[in-house]
Amino acid sequence: QVQLVESGGGLVQAGGSLRLSCAASGSFFSINTMAWYRQAPGNQRELVASITTGGTTNYADSVKGRFTISRDNAKNTVYLQMNSLEFEDTAVYLCNVNYRRSSAGSMFRSWGQGTQVTVSS
């Protein structure tokens, strides 16, 4: 089981920046893809950005050029640097990781509790 602890959310003015962190802990063999999702009231959960163990990244079109995802494999931590924030970025941001419990085992997913990001216009 992997536990995820997110931090870094808050209230910021449009144009400002925030940095989210998500640290994974618990019992696992390896952590694979790490990602950030977001969900605004009345909207479906959407992928914001993901990063593989090797550092390959993927971004939603709406955040390309403004957000940067990175990870520290030694700390089992993923970050999301959010610049030029817009009102439309307001949402609960959730960390997600794929992990294995053994070398030949199945892949599991774990979700964090979420951290609120509010951008004032």
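Note: hydrogens, waters and symmetry copies are ignored here, and every other heavy atom, side chains too, is used. Heads up: numbering here begins at 1 and tracks the sequence.
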Report yes if some heavy atom in the side chain of Leu20 is under 4.5 Å from a heavy atom in the side chain of Glu6; otherwise report no. no
List, by chain and number, the other hydrophobic cluster members for Phe87, where Ile, Leu, Val, Met, Phe, Trp and Tyr join if side-chain heavy atoms come within less than 4.5 Å, directly or indirectly. none
Please give me the minimum heavy-atom distance between Ala24 and Leu4, naming the atom from each residue. CB-CD2, 3.5 Å
With sequence neighbours left out, write down each residue that passes side chain to side chain contact (heavy atoms under 4.5 Å, CB included) with Gln1, or none if nothing qualifies. Gln3, Arg101
Applying salt bridge (Lys or Arg N to Asp or Glu O under 4.0 Å) as the test, list every pair that has at least one member in residues 10-37; sequence neighbours left out. none
Please report the interatomic distance OG(Ser27) to OH(Tyr99), rounded to the nearest 0.5 Å. 8.5 Å
Ser84 meets the side chain to side chain contact (heavy atoms under 4.5 Å, CB included) criterion, sequence neighbours left out, with Arg66
Where at least one partner belongs to residues 37-79, residue pairs that pass disulfide (SG to SG under 2.5 Å), sequence neighbours excluded: none
Which residues pass the salt bridge (Lys or Arg N to Asp or Glu O under 4.0 Å) test with Glu46, not counting sequence neighbours? Arg38
Pairs flagged by side chain to side chain donor-acceptor pair (under 3.5 Å) wherever residues 71-82 is involved - sequence neighbours left out: Arg71-Asn73, Gln81-Asn83
Within residues 50-63 or reaching into it, pairs that qualify as salt bridge (Lys or Arg N to Asp or Glu O under 4.0 Å) - sequence neighbours excluded: Asp61-Lys64
Here the gap from Leu80 atom CG to Thr115 atom OG1, rounded to the nearest 0.5 Å, amounts to 11.0 Å
For Tyr93, the option from Gln116, Gln39, Met82 that meets side chain to side chain contact (heavy atoms under 4.5 Å, CB included): Met82
Would you give me the side-chain donor-acceptor pairs under 3.5 Å for residues 47-56, sequence neighbours excluded?
{"residue": "Thr52", "atom": "OG1", "partner": "Gly54", "partner atom": "N", "Å": "3.4"}
{"residue": "Thr52", "atom": "OG1", "partner": "Gly55", "partner atom": "N", "Å": "3.3"}
{"residue": "Thr52", "atom": "OG1", "partner": "Thr56", "partner atom": "N", "Å": "3.0"}
{"residue": "Thr53", "atom": "OG1", "partner": "Ile31", "partner atom": "O", "Å": "3.4"}

Side chains of residues 106-113: which donor-acceptor partners sit under 3.5 Å, not counting sequence neighbours?
{"residue": "Arg109", "atom": "NE", "partner": "Asn98", "partner atom": "OD1", "Å": "3.4"}
{"residue": "Arg109", "atom": "NH2", "partner": "Tyr37", "partner atom": "OH", "Å": "3.2"}
{"residue": "Arg109", "atom": "NH2", "partner": "Asn96", "partner atom": "OD1", "Å": "3.1"}
{"residue": "Ser110", "atom": "OG", "partner": "Val2", "partner atom": "O", "Å": "2.8"}

Hey, does the side chain of Arg100 reach the backbone of Ser30 with a donor-acceptor pair shorter than 3.5 angstrom? no
Residues which pass side chain to side chain contact (heavy atoms under 4.5 Å, CB included) with Val119, listed by chain and number, not counting sequence neighbours: Val12, Ala14, Leu85, Asp89, Thr90, Val117
Please answer whether the main-chain N or O of Ile69 pairs with a side-chain N or O of Tyr59 as donor and acceptor at a distance below 3.5 Å. yes
Pairs satisfying disulfide (SG to SG under 2.5 Å), at least one member in residues 22-121, at least two apart: Cys22-Cys95
